[in-house]
Amino acid sequence: MPELPEVETIRLTLLPLIIGKEICEVGVLGRRVIEQTSRNRIRKLLFGNRINACLRRGKYLILQGKDFSLLLHFGMSGGLTFFPQGSPPHKHTHLVVRFSDRSELHYHDPRTFGRIKLYGSLSLQEIPELSHLGWDPLEEEISLSHLRQAFRRRKACIKLALLDQRLIAGIGNIYASEILFHASIDPLKPANQLSEKELGRLHRAIHGVLRGAIREGGTSIISFRNAEGKRGGYQNLLQVYGREEEACPRCQAPILNRPLGGRSTYYCPHCQKPNPDPGRTIS
DNA sequence: AATACTACCTGCGTGC
DNA sequence: TGCACGCAGGTAGTAT
């Protein structure tokens with residue numbers, strides 16, 4: 001489910017609710033999402049400690065205390081919900097963190113593609129899942145030369161390169177289509193064949209689309225909710241994703257959906273022409 | 001090193 | 001209604 005804007009939305013809604021709170025009880029339910037080594041340590045390391053920080057890198061969320069980093073990934077269908085008065089766990093709740101003021105944080109994930117892992121006092125760079133991530137578009141400004149270098153050896157199409165978390169961390173299937181539409185770039189174009197103009201537009205579109213989605217509180221197509229259980233609003237601003245056969249909002253041509261690497265890719269064949277570069281600017 | 005393919009899951013909408 | 005089927009926002013592992 002969540003891509004960078006959704007994880008950031010969860011983080012922003014969570015910050016005022018859990019920072020500084022003392023953990024008084026931890027429930028680990030099911031066995032798929034949390035591997036055995038983390039299960040064994042989780043109560044010992046979390047019990048009696050406070051949440052000092054709530055961070056994000058790419059699509060990962062990190063809850064930090066004095067001696068622990070709890071790493072969460074939401075896979076396709078995961079989420080975090082805060083309950084001010086506590087709540088019985090649902091069918092697909094995998095982790096319950098109870099605070100001393102009786103409020104609770106629940107991690108749920110029906111499809112169990114998400115993962116939770118507990119580390120001791122490591123720096124973020126020492127956490128293996130985070131060490132291979134590429135540039136986080138919000139964390140540090142990606143320069144044009146970064147983009148150029150990331151794509152230089154990539155003969156694969158730009159849509160698939162955008163999904164590669166080792167190059168840029170946080171873009172998923174929805175925002176890859178949206179970003180390429182905003183940048184007027186053909187999703188099938190090999191990443192290493194983008195012109196300087198296209199790289200410039202891509203650079204602006206990555207920031208513009210992701211920041212716009214965060215401003216709207218994320219995209220809620222199927223099930224996304226923030227930590228307070230509220231839907232986002234960016235699904236109303238999607239230009240091409242999920243709009244197969246609808247009219248392109250710019251030129252009225254029908255939107256196409258072609259699978260790339262086994263995943264739906266929505267685009268306008270007129271605004272995102274293979275050749276030549278349409279030279280459009282981003283509005 | 002880059003690429004292609006597979007496996008891992010449940011839920012929902014659709015068509016019969 | 002019930003059932004089979006396809007599809008869904010992601011990543012890791014393996015083979016080439």
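These numbers were taken from a predicted model, which means no experiment stands behind them. All values below were derived from every heavy atom in this structure, side-chain atoms included, with hydrogens, water molecules and symmetry-related copies excluded. Quick note on labels: first sequence line is chain A, next is B, and so on, each numbered from 1.
- One can place CD of A:Glu35 at 17 Å from P of C:dT11, the figure rounded to the nearest angstrom.
- As a whole-Å value, the separation of A:Ile221 CD1 from C:dC7 P is 17 Å.
- Contact annotation for A:Tyr175: no contact, since no heavy-atom pair falls under 4.0 Å across all strands.
- Rounded to an integer number of Å, the gap from CG of A:Leu260 to P of B:dA4 is 11 Å.
- Rounded to a whole Å, the CE atom of A:Met76 is 14 Å from the P atom of C:dA12.
- At the phosphate of C:dG10, OP1 or OP2 sits under 4.0 Å from a side-chain N or O atom of A:Arg263.
- Between A:Gln165 and C:dT11, a side-chain N or O to OP1/OP2 separation shorter than 4.0 Å is present.
- Between the C1' atom of B:dA1 and the NE2 atom of A:His132 lies a distance of 16 Å, rounded to the nearest Å.
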Return a single string for nucleotides 7-12 of chain B, one symbol per nucleotide in 5' to 3' order, where B is base contact, S is sugar-phosphate-only contact and - is none, cutoff 4.0 angstrom on heavy atoms.
-BBBS-

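- Of the residues listed (A:Val96, A:Thr81, A:Leu14), the one engaging A:Leu105 in a side-chain contact (heavy atoms from CB on, under 4.5 Å) is A:Leu14, and it is the only one.
- At C:dG10, none of the side-chain N or O atoms of A:His73 fall inside 4.0 Å of OP1 or OP2 (strictly under the cut-off).
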Derivation of the side chain to side chain donor-acceptor pair (under 3.5 Å) call for A:Thr13 and A:Glu228
CA-CA 7 Å; A:Thr13 49; A:Glu228 296 175 299; 5.4 Å; no

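- Nearest nucleotide to the side chain of A:Asn173, out of B:dT3, C:dA8, C:dG10: C:dG10.
- Taking atom P in both B:dC9 and C:dC3, one finds a spacing of 24 Å when rounded to whole Å.
- Taking only side-chain atoms of A:Arg154, from C-beta outward, the nucleotide of C:dT11, B:dT3, C:dA12 with the closest atom is B:dT3.
- Between the side chains of A:Thr219 and A:Tyr241, not a single donor N or O lies within less than 3.5 Å of an accepting N or O.
- In this structure, the CZ atom of A:Arg166 is 12 Å from the C1' atom of C:dG13, given to the nearest Å.
- Residue A:Leu167 contributes atom CG, which lies 13 Å from atom P of B:dA1 at whole-angstrom precision.
- Put simply, the side chain of A:Ser38 does not reach to within 4.5 Å of the side chain of A:Ile116, judged on heavy atoms.
- Between C:dA8, B:dA2, C:dA12, one nucleotide has an atom nearer to the side chain of A:Tyr60 than all others, and that is C:dA12.
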Could you provide the dot-bracket string of DNA chain B, using ( ) for intrastrand pairs, [ ] for crossing pairs and | for bases paired to another strand, with Watson-Crick or G-U pairs below 3.5 Å?
.|||||||.|||||||

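- Put simply, A:Lys59 has a side-chain N or O that comes within less than 4.0 Å of OP1 or OP2 on C:dT11.
- Around CZ of A:Arg148, the count of heavy atoms belonging to other residues, nucleotides or ligands within 6.0 Å exceeds 12.
- In summary, the side chains of A:Lys159 and A:Asn173 do present a donor paired with an acceptor at a separation below 3.5 Å, with no hydrogens or angles considered.
- Under a hydrophobic clustering in which Ile, Leu, Val, Met, Phe, Trp and Tyr are joined whenever their side-chain heavy atoms come within less than 4.5 Å, directly or via other members, A:Ile171 and A:Leu133 fall into different clusters.
- Two residues are said to be in side-chain contact when any heavy atoms from C-beta on lie closer than 4.5 Å; A:Cys248 and A:Tyr267 fail this criterion.
- Summarising the geometry, the separation between CD1 on A:Ile116 and P on C:dT11 is reported as 16 Å, rounded to the nearest angstrom.
- Within 6.0 Å of CZ on A:Arg41 lie more than 12 heavy atoms contributed by other residues, nucleotides or ligands.
- A 6.0 Å sphere centred on CD of A:Gln252 holds more than 12 heavy atoms belonging to other residues, nucleotides or ligands.
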